[in-house]
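All of these numbers come straight from a predicted model, not from anything done at the bench. Here is how names work: the chains are called A, B, and so on, in the same order as the sequence lines, proteins then strands, and each is numbered from 1. Every heavy atom of this structure was used, including side-chain atoms; hydrogens, water molecules and symmetry mates were not.
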2 protein chains.
Amino acid sequence: MPSMKDVARLAGVSVATVSRVINKTVPVEEQTRTRVEEAITRLGYRPNLLGSGLRSRRGRLIGLAVPDIANPSFANFVRYTEEFARRHKCNLIVGNTADDPAAERRFIDQLLGRNVDGILFSRVSDESESLRMLDDVGTPFVVIDRGMQDERAASVVMDNERTGHLAARHLLSLGHREIVCVTGPLNVALCRQRLAGLRAALRESELDASEACFVEGNFKYGFGEEAVEHILTHRPETTAIWAQNDLMAIGVMNALQRRGIRIPEDVSVVGVDDIEFATMIRPQLTTVQQPFREMCRIAVEMLFEGNATGADFRRRVVISTQLVIRESTSHPRVDGEIPHSVAR
Amino acid sequence: MPSMKDVARLAGVSVATVSRVINKTVPVEEQTRTRVEEAITRLGYRPNLLGSGLRSRRGRLIGLAVPDIANPSFANFVRYTEEFARRHKCNLIVGNTADDPAAERRFIDQLLGRNVDGILFSRVSDESESLRMLDDVGTPFVVIDRGMQDERAASVVMDNERTGHLAARHLLSLGHREIVCVTGPLNVALCRQRLAGLRAALRESELDASEACFVEGNFKYGFGEEAVEHILTHRPETTAIWAQNDLMAIGVMNALQRRGIRIPEDVSVVGVDDIEFATMIRPQLTTVQQPFREMCRIAVEMLFEGNATGADFRRRVVISTQLVIRESTSHPRVDGEIPHSVAR
DNA sequence: GTGAAAGCGCTAACAG
DNA sequence: CTGTTAGCGCTTTCAC
C-alpha cells in the first residue's frame, strides 16, 4: 500500500507538495501538479484517512445516533444523512442507541475519539444526558428530530405542536368528537408537544381539552395493535384514532380491520411521518408528513457552518409540516358505537 | 482533550503501560493498573481511535456497502451489521452505492483508507468490478446477499434456488398452473438463481419449465404495481404471482386490490424476504424468509476469523430458507380468468 | 511555490 | 512486568 512518501519520491517532490496537490490547499505549479498526479495514478495511491484525520482533527466522518434503527423513520434519517454526508466528502457512522442511554454515551465517546466532523443526534429520551459530553469539546453537533423545549444546542426539529394541531383539526372538521390519541413515550418531548397541539385544536373547537383522551405507547407497530384492544374496551364510542407515528397507526389499522371494523367508515385513523409504507397499505394512511430529507439536509449543513458547537450556539430550526389526506379518514358514523367485533 | 501522555504523566508510568492497561494486551501489575485507571477517570481520558487505528492498522471499523439503502431488506442488513459490529467493538460505516458502480468503488476506497477491520459487500450487480480492488490488500471482506455463482471471495448468501423452488412448489401444490414471476434485475445473479429454482419446480411437476413466465423488475415497490398492469394485459389467465422480493409483492398486491381483484381468492401472491411489513398488510404476505440477522452474524464473524481475505479464501456459506405461509396464497379459482377489473 | 521538520495519538518491537 | 524508541501517514508550521 503506497503512502504519500512513495508518491513524493516518484514525483521527485516533497510529501508536503503531494499533500498540497491532493487537498488543493495552496496553489501548486501546473507542472509539479501533473507530475504528482501521474505518480498518484501510477502507484494507485489512496490517501489514508486516519493519518490525515489524526493530524488535521477532521476525520471526514459524520456520526448519527438514532434510538431505534429498526424504525423506518430513523432508517430514513440514516438514508438521507448518508446522502448529505457524502456531499461533504464524509462517511457516515451510524449508531443504534437502542433506547439505552449508556449505549448512547459510549457511541458518542467513540465518535469523539474518531475526530468526527460532526454529530447528528436523536436522543433516546429527555432523560438522556449524553449531550453534556459535547458541551466542551469543539465537535459540532446538531440535535435532530428529538429536540427539547429549551435545547442547549443547535437543533433541527419538526413543528410538533402544529403536527398535533393539523391531525386533530382534520378530524374535528370531519365531525369527529370522540378522538383518541396513541402517543409515543411521554418522556420524549415531541410526544408531549404533539399532544399539546391536539389539545389546542380541541380548545379551538370549544371542546374540553383536558379530557383529551390518550394512550401512552412506544412508537412500535405492536403497540398500535395493543392500543386498539384498550380503546375498544374503555372507549367504544371512539370514532377516530390519531397515532403519533405511522408505525403505530398501521398497527391500529390492522387491529381494527382484523375485528371487522372498517376504516374509515367506522373509525378514522391518522398517523405522523409519512413513511413510504403509509401509501402501501389499504386504505392509504392519512398522515402528517415529516420532511426527513429536508431535515437531514439542514442538519448536515449546520454541522459544516462551523458554529454548531457547544451549548452557546442554540440555533433552532423548526420545520413546518403538512397534512397528507389519503383514505383512512372520513366523516364519523352518524349513529352510535363501533359495531361489535366481527371475527375475520 | 487529554491524551495518553497526560494519563501516563499523572499515573507516573510510561505511555506504553497506559496502552497495555487499556488494551489488556499483556498483564500489568495490579497496583500500576489501578493507578492508571484512576488517572484515566480523573482526566476523563478518551482513547483516540485514529491514533491507534493508524498504528495498529485496525480502525475498529466495519464497512457495509449496500446497493439501495432505502430498500427495507438492506435496512435490515444495516441494522444487524451494526449490532454485530458493536459486539466486536467496531463502529459501522454504511455506504449507499445507489446502484452506481462508481460510487461503489469510491466507497471501498474510502473504507480502505480508514484501515477498516472488514468490509461487508452487497454488489450493485454482477458487472460490479469493485471486488477486484480487494484482492491484494489484506483487508478481510465478505460478500453478503448478492453473491455470484463462482465467487472469488468469501460469501454469505441465502439459498436462492431453494427459495425459488419453495415459492413455486407451494403455488403448484395449491393447484396453480399459471404462475408469473416478477424478478429483480436479471444482471443480479440471485435473481437468475431464484428463477432457476422456479423452473426446477415446474419441471418436477412435469410442466414446461421453458415457458416459465416472468417480468424483469427492479426490486422496487413501484415496479410491483407496474407489473400487474403488464400481467393483466398479457396473461389474464394468471392465477398466481411470485415476486422476488416483498416490496414488489406488496406493490403487486396493491395494484391487484385496487382493481378489485381479490387476494388470494382470485390471485395468489408470494414474496421473498419477510420484511416486517409483510405481516402489516392485509392479507398478510406468504413469503420465503431471508435470515437477515443470521446472515449478518455469520458474515461479521467470518470477517474476524482472519482468513476472509483476498481471492484465495472462498468459503461460501449458503443459508437455507423457509417458506412462511400466511394469507396471500390459496387454491386457484376453478373457473376461468381474473374477473374484469372493477373500479375500487 | 516548495521543502524540512515536527508532531497529531497511539502501538509494536525491543531491551531490560 | 515496564520503559524506551521508532514510526504508522498525514498536515502544518516555518523557512527559503
Side-chain angles (χ1 to χ4, degrees), chain A residues 1-36 39-40 43-61 89 109-117 137-139, chain B residues 1-36 39-40 43-61 89 109-117 137-139:
Chain A
M1 196 95 127
S3 78
M4 232 176 213
K5 207 149 78 176
D6 304 308
V7 176
R9 195 181 308 127
L10 183 59
V13 297
S14 73
V15 287
T17 301
V18 177
S19 172
R20 289 176 188 123
V21 169
I22 289 174
N23 300 311
K24 308 186 201 328
T25 168
V26 294
V28 172
E29 201 183 322
E30 177 69 28
Q31 208 189 78
T32 22
R33 209 190 58 222
T34 49
R35 270 220 316 286
V36 170
I40 286 176
L43 293 173
Y45 166 73
R46 166 181 24 248
N48 184 306
L49 295 166
L50 297 189
S52 69
L54 182 57
R55 181 65 234 242
S56 69
R57 313 199 146 285
R58 296 198 47 227
R60 293 208 164 284
L61 224 38
K89 300 188 182 308
D109 254 330
Q110 290 158 354
L111 293 181
L112 292 177
R114 289 189 191 282
N115 294 4
V116 294
D117 297 34
V137 304
T139 305
Chain B
M1 195 96 129
S3 79
M4 232 175 212
K5 207 149 78 177
D6 303 308
V7 177
R9 194 181 309 127
L10 182 60
V13 297
S14 73
V15 287
T17 301
V18 178
S19 172
R20 289 176 187 123
V21 169
I22 289 174
N23 300 312
K24 308 185 199 332
T25 167
V26 296
V28 172
E29 201 182 320
E30 176 71 26
Q31 208 189 73
T32 21
R33 211 190 56 221
T34 48
R35 269 220 317 286
V36 170
I40 286 177
L43 294 173
Y45 167 73
R46 167 184 20 248
N48 184 307
L49 295 166
L50 298 189
S52 72
L54 181 59
R55 180 64 233 239
S56 69
R57 313 199 142 286
R58 296 196 49 228
R60 293 206 166 285
L61 225 35
K89 299 188 184 305
D109 254 330
Q110 290 157 356
L111 293 180
L112 293 176
R114 291 189 189 282
N115 294 3
V116 293
D117 297 36
V137 304
T139 304

[atom1]/[X] to [atom2]/[Y] distance, rounded to the nearest 0.5 angstrom?
| X | Y | atom1 | atom2 | value |
| --- | --- | --- | --- | --- |
| A/R114 | B/L61 | CZ | CG | 4.5 Å |
| A/M1 | A/R46 | CE | CZ | 4.5 Å |
| A/L49 | B/L111 | CG | CG | 9.5 Å |
| B/L50 | A/S52 | CG | OG | 8.5 Å |
| A/T139 | A/R57 | OG1 | CZ | 9.5 Å |

Under 4.5 Å between any side-chain heavy atoms of [X] and [Y], yes or no?
| X | Y | result |
| --- | --- | --- |
| B/R33 | B/V36 | no |
| A/N48 | B/N115 | yes |
| A/I40 | A/I22 | yes |
| A/T17 | A/R35 | no |

Could you tell me the separation between the [atom1] atom of [X] and the [atom2] atom of [N], rounded to a whole number of Å?
| X | N | atom1 | atom2 | value |
| --- | --- | --- | --- | --- |
| A/L112 | C/dG9 | CG | P | 14 Å |
| A/R114 | C/dG9 | CZ | P | 16 Å |
| A/K5 | C/dA5 | NZ | C1' | 13 Å |
| A/N115 | C/dC8 | CG | P | 13 Å |
| B/L50 | C/dC10 | CG | P | 10 Å |
| B/L49 | C/dC10 | CG | P | 9 Å |
| B/N48 | C/dG9 | CG | P | 7 Å |

Please produce a list of atom pairs where a protein N or O lies less than 3.5 Å from an N or O of nucleotides 11-15 of chain C.
residue : atom : partner : partner atom : Å
C/dT11  : OP1  : B/N23   : ND2          : 2.9
C/dT11  : OP2  : B/S19   : OG           : 2.7
C/dT11  : O2   : B/R55   : NH1          : 3.0
C/dA12  : O4'  : B/R55   : NH2          : 3.4
C/dA13  : N6   : B/R20   : NH2          : 3.4

- Residue met sooner reading DNA chain D from 5', once B/R57 and B/V13 are mapped to nucleotides: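 Checking each residue's closest nucleotide, the 5'-ward one belongs to B/V13.
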
- Query: Just to confirm, is there a sub-4.0 Å distance from OP1 or OP2 of C/dG3 to any side-chain nitrogen or oxygen of A/T17?
  - Reply: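 Checking A/T17 against C/dG3: at least one side-chain N or O falls below 4.0 Å of OP1 or OP2.
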
- With a 4.0 Å cut-off (strictly under) to non-hydrogen atoms of chain A, the first and last hit nts on DNA chain D, 5' to 3', are D/dG9 to D/dT13

